Visitor: 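Questions regarding the structure given below will be posed in turn.
Note on naming: letters A, B, ... go to the chains in the order of the sequence lines (proteins, then strands), and numbering restarts at 1 for each one. Basis for what follows: all heavy atoms, side chains included, without hydrogens, waters or symmetry-related copies. In this text the structure is predicted, and so the values were computed from the model without any measurement.
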2 protein chains.
Amino acid sequence: MRSLKYAILGLLCRHPMTGYEIAKEFNSELAEFWYANHSQIYPELKKLNEEGLVNYDIEISGEILEAKRYTITEEGYKDFKKWLNKDEKMQKTPKDIFRLRMYFSGNLNVETRIRLLESQHLQHHKRLNTLKKKYEQYSEVPPRDSDRFGDFLVLRGAIMRQENIIAWLEECIGYCKEDDRD
Amino acid sequence: MRSLKYAILGLLCRHPMTGYEIAKEFNSELAEFWYANHSQIYPELKKLNEEGLVNYDIEISGEILEAKRYTITEEGYKDFKKWLNKDEKMQKTPKDIFRLRMYFSGNLNVETRIRLLESQHLQHHKRLNTLKKKYEQYSEVPPRDSDRFGDFLVLRGAIMRQENIIAWLEECIGYCKEDDRD
DNA sequence: ATTATACATGTTTGTATTGACATGTTTTAT
DNA sequence: ATAAAACATGTCAATACAAACATGTATAAT
C-alpha cells in the first residue's frame, strides 16, 4: 500500500525537507502513530524522485557537507491528495505482544503477573506525562485549516489511548489481586 | 524477536492442535491482538519441529486426508515459560494509517474529513458490538489460573480500546463541526 | 448427484521493516 | 585543542508479513 510514500509526501506538503529532517520528524513528532528508520527513508526518497513526485536541491553546510532538500512536485501533490481523500477500510487491530503475554498469563504465578503489569503501568504512565506536557502548549483548538489542527487531533488521540491503556492495566492488576474469589 | 514462535507455543500449551486450527484461532479468538496467515504458520511449525520444540502425530480423517496434530515438548514448554516471564520494554506505538491521514487533514475540506471520520466511526462501532456480544458469555470473572482468565483480560482490553477509539473519533467530529471558530 | 463450505497443507513472490555496517562533516561544550 | 553530539547520506543482510499460487479431501445441504 506504500504508506511510507504518503507519510513522506504529506510532510513535504508542509514545507521542503531533507531526509535527515524527515527521519527526525518520524521519530519524535509523528511517533505516536508512525515511524521509520533513515534506512527506509533514503531509498524511498530516491524512488519518489525517480517517479517524479519529488525534486531536490542540494544545500551546502560549512565547506562540503551536502544535504538534499526535497520539494513535492505538482504531480506528487495530486497523488497525495488522491490518497488522502480515499475512504479506506478500518485497519486490522495492531499486534500487541503484551496482550499476547496476558492472554497466556494462566501459565504464570500471580506475583509475576502483577510484576509485569506494574512494569507496563509505570512505562505507560511516563509516556502519558510526556504527552500531557506537549498538550499544554495548546491554549486552544488550532484553526481547522492549519497544520496544527492535525497535530492537535492526533495528540488528543494519543493521550486518550494512553489513558485507556493505563485504565486497562489497572483493571487487570485489580483482577489479579482480588483474593479468595471462587 | 520471533513473536509468532511464542504465540504458537502458547496455544500448544493449552492442548495439541493442527496448523489449520492454529490459523483459525489466530483469525478469530486472538484477532484482537494477534493474527497470522497459514502461509506463515506452516513454515513456523516446521521450524519449531526441527528445533525440537514441538512434535506431531498424523491423524487421518475419512479415507486419506492427513492432519498433523502438534504437541509442545518439554523443551518447548521451558522455552515458552522463559519468554513469558521476561519483563519486556513497552512496545512502540503501533502504526496507524487513519491517524496518519488525520495528521494531514489540513489538506482536506471539512466535509471530507467528517465523511472519513464517520466511516471509521461506523466500522468501529460494529466491531464494538461484536466484542460486547462475546463478553456477554462471561457471567463472572473466570478463575485466575484458567485459560479463560487470559481470554477475559484481553477481551476487556479490546472492548475498552474500541470504546476509546470511538470516543476519539467523536471528539474529532465535534472539532470539525464547530462552526465559526476563530 | 451436485455444489458449497470447511478441512488440510504446503510453496512462492513481493514488499516492509529492522538493525547493522559504512563514512564522513559541522557545531557545541569543556 | 579536543571530545561529544548532532548533522548528513547511503548500503546490506536478515527477518517478517501479506497475497497469491497450488493442490487436493471431507462433509453438509439441496
Visitor: Which atom pairs, donor and acceptor, lie under 3.5 Å between side-chain atoms of residues 19-33 of chain A and protein residues at least two apart or in another chain?
Guide:
| unit_1 | atom_1 | unit_2 | atom_2 | d |
| --- | --- | --- | --- | --- |
| A/E21 | OE1 | A/T18 | N | 3.1 |
| A/E21 | OE1 | A/R69 | NH1 | 3.1 |
| A/E21 | OE2 | A/R69 | NH2 | 3.4 |
| A/N27 | ND2 | A/A23 | O | 2.7 |
| A/N27 | ND2 | A/A36 | O | 3.1 |
| A/S28 | OG | A/K24 | O | 2.9 |
| A/E32 | OE1 | A/R127 | NH1 | 3.4 |
| A/E32 | OE2 | A/R127 | NH1 | 2.1 |
| A/E32 | OE2 | A/R127 | NH2 | 3.3 |

Visitor: Check which hydrophobic residues are tied to A/V110 through side-chain heavy-atom contacts below 4.5 Å, counting indirect links as well, and list them.
Guide: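 Answer for A/V110: A/I114.
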
Visitor: B/F26 CZ to D/dA18 P: how many Å, rounded?
Guide: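 For the pair B/F26 CZ and D/dA18 P, the rounded distance is 11 Å.
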
Visitor: Just the rounded figure in Å: distance from P of D/dA6 to CD of A/E25.
Guide: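 Going from A/E25 (CD) to D/dA6 (P), I get 17 Å.
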
Visitor: Would you say that B/K86 contacts A/R101 through its side chain, given a criterion of any heavy-atom pair below 4.5 Å between the two side chains?
Guide: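 The answer is yes; the side chains approach within 4.5 Å.
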
Visitor: Using atom CG of A/N27 as one end and atom P of D/dA6 as the other, report the distance to the nearest whole Å.
Guide: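 That distance rounds to 14 Å.
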
Visitor: Please tell me if the side chains of B/N55 and B/N49 come closer than 4.5 Å, counting only heavy atoms from C-beta onward.
Guide: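 The answer is yes; the side chains approach within 4.5 Å.
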
Visitor: Does any pair with a residue in residues 152-176 of chain A pass salt bridge (charged side-chain N to carboxylate O under 4.0 Å, His left out), and if so which ones, sequence neighbours excluded?
Guide: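 Every pair satisfying salt bridge (charged side-chain N to carboxylate O under 4.0 Å, His left out) with a residue in residues 152-176 of chain A: A/R156-B/E171, A/E171-B/R156.
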
Visitor: Heavy atoms under 4.0 Å is the rule here; annotate nucleotides 9-22 of chain C 5' to 3' with B where the base is hit, S where only the sugar-phosphate is, and - elsewhere.
Guide: BBB----SSBBB--

Visitor: How far apart are the C-alpha atoms of A/D79 and A/R2, what are their side-chain angles, what is the distance that settles it, and do they pass the salt bridge (Lys or Arg N to Asp or Glu O under 4.0 Å) test?
Guide: CA-CA 12 Å; A/D79 195 337; A/R2 290 193 65 190; over 6 Å; no

Visitor: Within the 4.5 Å heavy-atom criterion, are A/K68 and A/E66 side-chain neighbours or not?
Guide: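 No - every pair of side-chain heavy atoms lies 4.5 Å or more apart.
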
Visitor: Would A/R14 and B/Y103 count as a cation-pi pair here, with the cationic atom under 6.0 angstrom from the ring centre and within 45° of the axis?
Guide: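 Here A/R14 passes the 6.0 Å and 45° test against B/Y103.
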
Visitor: How sharply is the helix from C/dA1-D/dT30 to C/dT30-D/dA1 bent, taking the axes over five pairs at either end and rounding to 10 degrees?
Guide: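 One end's axis against the other's: 40°.
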
Visitor: Below 30° counts as parallel, above 60° as perpendicular, anything between as tilted: where do the rings of B/H125 and B/H121 land?
Guide: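 Because their plane-to-plane angle is under 30°, the rings of B/H125 and B/H121 count as parallel.
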
Visitor: Report, as yes or no, whether the 6.0 Å neighbourhood of atom NZ on A/K95 holds more than 12 heavy atoms from other residues, nucleotides or ligands.
Guide: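 More than 12 within 6.0 Å, yes.
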
Visitor: Looking at C/dA8, I'd like to know if its phosphate oxygens (OP1 or OP2) sit under 4.0 Å from a side-chain N or O belonging to B/K24.
Guide: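 So the side-chain polar atoms of B/K24 never come under 4.0 Å of the phosphate oxygens OP1 or OP2 of C/dA8.
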
Visitor: Is NZ or CZ of A/R99 both nearer than 6.0 Å to the six-membered ring centre of A/W168 and within 45° of the ring axis?
Guide: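 Yes.
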
Visitor: Can you tell me the distance, in whole Å, between the CG atom of A/L45 and the C1' atom of D/dA8?
Guide: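 Taking CG of A/L45 and C1' of D/dA8, I get 13 Å after rounding.
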
Visitor: Quick one, give me the B/S/- string for nucleotides 25-30 of chain C, reading 5' to 3', where B means a protein heavy atom under 4.0 Å from the base and S means that only happens at the primed atoms, P, OP1 or OP2.
Guide: SS----

